[in-house]
S.K.: 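My questions all concern the structure below.
Bear in mind the structure is a predicted one, so any value in this text is a computation, not a measurement.
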Amino acid sequence: MQLRGLSLKGNKKNYMTPKCFDELTAEMENLLKVERPKTTQIIAWAAGNGDRSENADYIYGKKRLREIDRRLRFLKKRLDDSEVIDPLKMSSEKVQFSATVTVEDEEAEVKVYSIVGIDEVEVSKGKISWRSPIGRALLGKEVEDIVSIDAPNGSFELEILKIEYKEIL
């Protein structure tokens, strides 16, 4: 499976790995089935205590309910726009979404990056967005290609040593 046309302009798809999709779905289920009902129960109890203008449980509960509903709308949109790409089903000699890429920088330091969606970025673990400067520069490249990256803190080059499609941890 190959992805073609990963474009930033007008792209409404939210590319993500199966792990990310499962995590966002689980969060949405928890908010819908546990957090929201618990919060509405607290609000109902607090409303029954009388004056709502100075009732901290009621005021906090309403605020928490708005936060939950806002997060639910966000998650629904992210999941509705999602396109799940399983790295285990990818096969390409080029860097595509969900690739794990081993590179060497100008100081001969070897780094490993996994190209992931914007909801799963963890730079400290080498998970970078396909929309980031490094992610964009790597997409479509092959082993032994040298890519130039224009990042906010300056330009640098990376040489691609290895491209793998495996489970992203």
Side-chain angles (χ1 to χ4, degrees), residues 1-35 64 66-169:
M1 175 180 173
Q2 277 194 315
L3 290 177
R4 300 199 192 276
L6 281 181
S7 165
L8 295 176
K9 292 185 179 183
N11 192 333
K12 295 189 93 180
K13 285 293 181 191
N14 181 26
Y15 297 103
M16 64 178 66
T17 61
K19 180 181 177 189
C20 179
F21 183 84
D22 293 344
E23 288 172 356
L24 293 181
T25 301
E27 180 184 355
M28 189 169 169
E29 289 291 315
N30 181 58
L31 288 172
L32 275 172
K33 294 181 178 176
V34 178
E35 292 295 321
R64 176 70 182 131
R66 285 190 301 274
E67 291 168 357
I68 290 170
D69 288 342
R70 185 173 29 256
R71 182 69 179 166
L72 283 169
R73 284 190 303 276
F74 172 80
L75 290 171
K76 181 176 180 348
K77 174 120 178 69
R78 302 301 290 164
L79 292 169
D80 285 349
D81 292 343
S82 71
E83 185 164 326
V84 179
I85 309 295
D86 188 344
L88 300 176
K89 295 180 181 174
M90 295 291 290
S91 175
S92 177
E93 297 296 316
K94 296 184 179 205
V95 177
Q96 302 286 328
F97 179 87
S98 78
T100 298
V101 185
T102 305
V103 298
E104 183 176 48
D105 67 15
E106 296 162 331
E107 284 83 41
E109 185 178 339
V110 175
K111 297 178 182 178
V112 178
Y113 295 112
S114 295
I115 312 295
V116 297
I118 58 176
D119 296 307
E120 40 195 333
V121 171
E122 286 184 76
V123 177
S124 65
K125 293 184 178 181
K127 296 179 183 180
I128 60 170
S129 168
W130 65 276
R131 291 180 168 214
S132 69
I134 295 173
R136 283 194 319 253
L138 290 173
L139 286 174
K141 302 300 189 277
E142 298 179 22
V143 172
E144 296 184 2
D145 282 354
I146 295 178
V147 295
S148 295
I149 292 108
D150 293 321
N153 59 346
S155 297
F156 58 94
E157 290 184 340
L158 298 172
E159 180 181 358
I160 299 174
L161 303 176
K162 183 164 73 170
I163 301 168
E164 301 174 277
Y165 291 95
K166 61 183 186 176
E167 185 174 354
I168 299 170
L169 303 174

S.K.: Kindly write out the residues that satisfy salt bridge (Lys or Arg N to Asp or Glu O under 4.0 Å) with K127, not counting sequence neighbours, or none if the list is empty.
M.R.: E122

S.K.: Between L158 and I146, is there a side-chain heavy-atom distance shorter than 4.5 Å?
M.R.: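 I146 vs L158: side chains apart.
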
S.K.: Using the ring of each side chain (for Trp, its six-membered ring), is W130 parallel, tilted or perpendicular to F97, with breaks at 30° and 60°?
M.R.: perpendicular

S.K.: Minimum heavy-atom separation for M28 and L79, please, with both atom names.
M.R.: SD-CD1, 3.8 Å

S.K.: Could you tell me which residues satisfy side chain to side chain donor-acceptor pair (under 3.5 Å) with N30, sequence neighbours excluded, listed by chain and number?
M.R.: none

S.K.: Working to the nearest 0.5 angstrom, can you tell me the gap between Y15 OH and Q96 CD?
M.R.: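 Between Y15 OH and Q96 CD, I get 10.5 Å after rounding to 0.5 Å.
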
S.K.: Please name all residues satisfying side chain to side chain contact (heavy atoms under 4.5 Å, CB included) with S129, sequence neighbours left out, ordered by chain then number.
M.R.: I118, V121, R131, S132

S.K.: Is there a side-chain contact between V143 and E93 in this structure, where contact means two heavy atoms from C-beta onward sitting under 4.5 Å apart?
M.R.: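 No; the side chains remain at least 4.5 Å from each other.
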
S.K.: Using 0.5 Å steps for rounding, measure from the NZ atom of K125 to the CD1 atom of I168.
M.R.: 12.5 Å

S.K.: Apply salt bridge (Lys or Arg N to Asp or Glu O under 4.0 Å) to E159 and list each qualifying residue two or more places apart in sequence or on a separate chain.
M.R.: none

S.K.: Is there side-chain contact between T17 and E120, with heavy atoms separated by less than 4.5 Å?
M.R.: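 Touching, per the 4.5 Å side-chain cut-off.
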
S.K.: Does anything in residues 143-156 pair up under salt bridge (charged side-chain N to carboxylate O under 4.0 Å, His left out), and if so which pairs, sequence neighbours excluded?
M.R.: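 Counting only pairs at least two positions apart or across chains, no salt bridge (charged side-chain N to carboxylate O under 4.0 Å, His left out) contact touches residues 143-156.
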
S.K.: Not counting sequence neighbours, which residues clear salt bridge (Lys or Arg N to Asp or Glu O under 4.0 Å) with D22? List them please.
M.R.: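 With neighbours one apart ignored, the set is empty.
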
S.K.: Quick one, Y165 and S98 - any side-chain contact, counting heavy atoms below 4.5 Å?
M.R.: yes

S.K.: I'd like to check the side chain to side chain donor-acceptor pair (under 3.5 Å) partners of E29; sequence neighbours left out, ordered by chain and number.
M.R.: K33

S.K.: Can F156 and I134 be said to form a side chain to side chain contact (heavy atoms under 4.5 Å, CB included), step by step?
M.R.: CA-CA 10 Å; F156 58 94; I134 295 173; 4.0 Å; yes

S.K.: Tell me which donor-acceptor pairs under 3.5 Å the side chains of residues 99-106 have, and how far apart each pair is, sequence neighbours excluded?
M.R.:
residue: T100; atom: OG1; partner: S114; partner atom: OG; Å: 3.1
residue: D105; atom: OD1; partner: E107; partner atom: N; Å: 3.0
residue: D105; atom: OD1; partner: A108; partner atom: N; Å: 3.3
residue: D105; atom: OD1; partner: E109; partner atom: N; Å: 2.9
residue: E106; atom: OE2; partner: E157; partner atom: N; Å: 3.1

S.K.: Rounded to the nearest 0.5 Å, how far apart are CG of L32 and CG of L72?
M.R.: 4.5 Å

S.K.: How would you list all residue pairs meeting side chain to side chain donor-acceptor pair (under 3.5 Å) that involve residues 71-81, not counting sequence neighbours?
M.R.: N14-R78, E27-R71, K76-D80, K77-D81, R78-D119

S.K.: Around atom CD of E164, are there more than 12 heavy atoms of other residues, nucleotides or ligands at under 6.0 Å?
M.R.: yes

S.K.: Hey, mind stepping through V116 and I128 against side chain to side chain contact (heavy atoms under 4.5 Å, CB included) and telling me if it holds?
M.R.: CA-CA 6 Å; V116 297; I128 60 170; 5.9 Å; no

S.K.: Any ion pair linking R64 and E67 (charged N to carboxylate O, less than 4.0 Å)?
M.R.: yes

S.K.: Can you name the closest pair of heavy atoms from I149 and A137 and give their distance?
M.R.: CG1-CB, 3.6 Å

S.K.: Could you tell me whether the side chain of V84 reaches within less than 4.5 Å of the side chain of M16, counting heavy atoms only?
M.R.: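 Yes; the side chains approach each other to less than 4.5 Å.
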
